[in-house]
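For reference, the structure is listed below as structure tokens.
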Amino acid sequence: MMTHHAQTRMQQRALSQTAVEAIIQFGEVTRSHGADRYFLTRSSRRRLEQALGNGFTRAHARELNAYVVLADDGGLVTCAYRTRRLRRA
């Protein structure tokens, strides 16, 4: 499930559904402000590359430098590009 806000942000930021799903599936998760935040680290990028291939990571290189926020019910709240290092809890 995706909120209207998340759909708007994905469109504004040119993030594909495929990249968002890859971040959720392979990314690290931290708890922040009552929601789960998913993002890729070096090790999770390697796992992603091993599973989906180097072509996928090259094609989506810019998009994979994003983070995704999921609510407790599993709904996608928002997504954005990382401009700084994310703090871990």
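Fair warning: this is a prediction, and the values are worked out from it, not measured in the lab. When reading the values below, keep in mind they use all heavy atoms of this one structure, side chains included, and skip hydrogens, waters and symmetry mates.
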- Around atom CD of Q12, are there more than 12 heavy atoms of other residues, nucleotides or ligands at under 6.0 Å? yes
- Item | Separation of Q50 CD from T57 OG1 (nearest 0.5 Å) | 11.0 Å
- Message: Could you tell me if the side chain of I24 sits less than 4.5 Å from the side chain of L70, heavy atoms only?
- Response: yes
- Task: State, with a plain yes or no, whether a side-chain heavy atom of L15 is found less than 4.5 Å away from one of Y81.
- Result: yes
- Kindly indicate whether the side chain of R37, heavy atoms from C-beta on, has any atom under 4.5 Å from the side chain of V29. no
- Query: So T30 and F39, side chain to side chain contact (heavy atoms under 4.5 Å, CB included) or not? Walk me through it.
  - Reply: CA-CA 9 Å; T30 60; F39 57 94; 3.8 Å; yes
- Query: Is there side-chain contact between I23 and L48, with at least one heavy-atom pair below 4.5 Å?
  - Reply: no
- Is a donor on one side and an acceptor on the other found under 3.5 Å between the side chain of Y67 and the backbone of A80? no
- Query: Of the non-hydrogen atoms in A6 and C79, which two are nearest, and what is the gap between them?
  - Reply: O-SG, 4.5 Å
- Query: T3 side chain to L76 main-chain N or O, any donor-acceptor pair under 3.5 Å?
  - Reply: yes
- Message: Side chains of T41 and S43: any donor to acceptor distance under 3.5 Å?
- Response: yes
- Note on the structure: Nearest heavy-atom approach of L40 to R82 is O-NH2, 3.4 Å
- Item | Partners meeting ring pair (Phe, Tyr, Trp, His ring centres under 6.0 Å) with F56 (sequence neighbours left out) | H60
- Item | Partners meeting salt bridge (Lys or Arg N to Asp or Glu O under 4.0 Å) with R47 (sequence neighbours left out) | E28
- Query: Within the distance-only criterion (no hydrogens, no angle test), does the side chain of R31 pair as donor or acceptor with the backbone N or O of G34 below 3.5 angstrom?
  - Reply: yes
- What distance do Q11 atom CD and S16 atom OG have between them, rounded to the nearest 0.5 Å? 13.0 Å
- Item | Heavy-atom closest pair, residues A35 and V69 | CB-CG1, 3.7 Å
- Message: Testing the 3.5 Å rule here: is there a donor-acceptor pair between the side chains of E21 and Q25?
- Response: no
- Query: Any cation-pi pair here, R45 with F26, using under 6.0 Å and within 45°?
  - Reply: no
- Query: Should R13 and E63 count as side-chain neighbours, where that means a heavy-atom distance under 4.5 Å?
  - Reply: no
- Message: Could you measure the distance from the CE atom of M10 to the NE2 atom of H5? Nearest 0.5 Å is fine.
- Response: 12.0 Å
